[in-house]
Undergrad: 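Let me give you the structure first, and then I'll get to my questions.
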Amino acid sequence: MSNIFTLYKLALVAFCCFFIQGYACSCPVLECFFVKESSGLSSSQEKSLLHISTDAHHQPTDMPHQLPSDISPEMIYYITDPEATLCHPTLHAPRGPIQKPQCEINPFLPHPSSIDWAASLTESALRSALNPIYLQADWFSAAVQYPDRQLVVSSVMRAPTATKEPSVILSVSSKSVSVQVRLGEPALLDCSLWADPSSPLSGSGFAVEWHYQFRGNGRLVLAYDGKNDQLASTGEEGATLDFGGLHEKGNASLILREAKVRHAGTYICSVFLPYLLAEVSVHLEIVEPPSLSIYPSPLPLSFPGQVVTVLCEASGFIPLSLELSWEYKGADGNTRPLGTGSVTSHRQGWDGTYSQNTRLDLDMAKLGLGTGGEVVCVAVHPGGTRRAAVALNVIGVSSPSIEDAMAMVGVALVLYGLIKIVSWTFSSSGTDDASRDKKDN
Ligand SMILES: *[C@@H]1O[C@H](CO)[C@@H](O)[C@H](O)[C@H]1NC(C)=O
């Protein structure tokens, strides 16, 4: 894992230097709340400043000239983050204002993992004769969220006691903290890990756990022991990792083969090193627009004065956020709203998706629908707007159109002509006979 990590790191450093010349690869200074759990339930928080640099030997040249008045000089930390996860390149390009990140830093206590499948990590760390002095230092965990960049980073850092110069040992990050997929599609929940290869803790293997959380319910989705290359059985089908990418690049993203309604919720990506743990959470939303059907279809032939009832059924949608309405599209192409109709309450199907209906009474007399057109059911949903249409034919409409009138005039003229010809033919032949009779007499 380390060779590619090193290359990746160099590329990042180069990128970083290119974009922020003069700062010698340091990141923007982060304002961070230092939160300490005091005795029991109470906790105290104090503002701190984090100067982050990719290079341990880089001395902080940008000493704080104008220290904000609400930050005490003891609350300034100089962090070495070789992987630059805490100041990711996506934060520099494109340049522009970034919404202030939310940052919290806490004291961290290294402890052996209590989880069964990560226990082998602690054992192997013990076997590798880890110097306990290494753990006796000042440890911190920091969590930084950039809400507008979809980025979240969580790091565990170690500072030689009382130096205020911590180095990042373990970083877990996600570049898409909120994911939307359609039902049945594969879902990728992004999570990356980085462990300082020079730390004695990183040689003893790592473990990854994905845990699902929704309204107080939780379940283990996937647990992978990277030391022994073993996957714990969790009963969750269709959930996997890219194991090659995990070992080579630290790609711990969870792949769900086929998104189902029950997959919607929050997922926590936890990465374990012996004695250390860092985690980030990623939110998955399943969004599926409804399918629409109209009943009856086709509509019966209608006549003025009749009331026709049309039903529109929207089914298979998630989440439960739907606006149903009706429109009428006349033969002239103009569309006008017909209101919402009477919308029923929703029902939930076996697969967790919802359905909902709306019924519309079409009064031919009142609406002035002309000779016909289309009745359209419109469903507005976060997954997209859907429409279904059915043709409406109105017969025996009272006011004839210009075409009808002209046709009638035409027919009348032809009839008039025919009658004229016939009557002329008969009357002329009658006169002939009469005159002949007269001559004969
Ligand atoms: C991680 O692996 C998944 C699945 O192979 C891939 O789609 C994704 O792009 C990878 N992420 C990174 C950052 O390489």
Side-chain angles (χ1 to χ4, degrees), residues 1-16 19 27 54 81-94 143-155 168 170-197 202 205-212 221-226 229-232 234 236-260 263-264 266-273 278-287:
M1 146 148 136
S2 56
N3 284 350
I4 298 189
F5 268 175
T6 312
L7 271 180
Y8 187 51
K9 184 171 105 183
L10 284 176
L12 271 183
V13 171
F15 187 92
C16 186
F19 275 93
C27 305
T54 51
D81 180 14
E83 179 68 357
T85 323
L86 283 171
C87 55
H88 200 272
T90 56
L91 299 175
H92 303 299
V144 190
Q145 286 183 38
Y146 295 86
D148 56 342
R149 303 284 161 124
Q150 284 272 322
L151 180 72
V152 59
V153 183
S154 175
S155 296
V168 173
L170 172 66
S171 260
V172 179
S173 62
S174 176
K175 287 186 223 57
S176 48
V177 291
S178 155
V179 182
Q180 269 195 5
V181 290
R182 288 195 53 181
L183 214 54
E185 282 184 357
L188 182 74
L189 303 180
D190 186 75
C191 181
S192 298
L193 75 99
W194 178 83
D196 179 2
S202 73
F206 65 94
V208 175
E209 180 191 280
W210 278 95
H211 207 268
Y212 169 87
V221 175
L222 188 142
Y224 178 67
D225 173 353
D229 189 25
Q230 259 173 16
L231 204 56
T234 60
E236 180 81 29
E237 272 176 35
T240 185
L241 300 177
D242 173 356
F243 296 104
L246 176 58
H247 283 276
E248 282 162 25
K249 295 184 288 181
N251 181 350
S253 305
L254 179 70
I255 305 159
L256 296 174
R257 204 181 313 126
E258 198 186 318
K260 300 204 172 77
H263 289 142
T266 299
Y267 290 76
I268 297 160
C269 172
S270 310
V271 176
F272 298 81
L273 288 187
E279 49 193 21
V280 294
S281 60
V282 179
H283 190 76
L284 175 66
E285 199 181 351
I286 312 289
V287 177

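One-based numbering, in listed order, for ligands and for the atoms of each.
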Undergrad: Classify the ring geometry between Tyr224 and Phe243 as parallel (under 30°), tilted (30 to 60°) or perpendicular (over 60°).
TA: tilted
Undergrad: Apply side chain to side chain contact (heavy atoms under 4.5 Å, CB included) to Val172 and Val153, showing your working.
TA: CA-CA 6 Å; Val172 179; Val153 183; over 6 Å; no
Undergrad: Protein non-hydrogen atoms only, distance under 4.0 Å: does atom 9 (O) of ligand 1 have such a neighbour?
TA: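 So atom 9 (O) of ligand 1 lacks protein heavy-atom neighbours under 4.0 Å.
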Undergrad: Can you tell me how far OG of Ser192 sits from CG of Asn251, rounded to the nearest 0.5 angstrom?
TA: 5.5 Å
Undergrad: Identify the protein heavy atom lying closest to atom 12 (C) of ligand 1, giving its residue, its atom name and the separation to 0.1 Å.
TA: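 Nearest protein contact, heavy atoms only, for atom 12 (C) of ligand 1 is Asn251 ND2, 3.4 Å.
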Undergrad: Under 3.5 Å, N or O to N or O, is Asp242 touching ligand 1 that way?
TA: yes
Undergrad: Run the numbers for me: atoms of ligand 1, each under 4.0 Å from some heavy atom of Lys249, listed by number.
TA: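 So the atoms of ligand 1 that pass are 14 (O).
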Undergrad: Could you tell me the residue and atom name of the protein heavy atom closest to atom 4 (C) of ligand 1, and the distance to it rounded to 0.1 Å?
TA: Ile255 CD1, 3.7 Å
Undergrad: Would you compute the distance between atom CD1 of Ile268 and atom OG of Ser270 and round it to the nearest 0.5 angstrom?
TA: 6.5 Å
Undergrad: Got a second to check how far His263's NE2 is from Glu258's CD, nearest 0.5 Å?
TA: 8.5 Å
Undergrad: Around atom 7 (O) of ligand 1, find the nearest protein heavy atom and jot down its residue, atom name and distance.
TA: Leu188 CD2, 3.7 Å
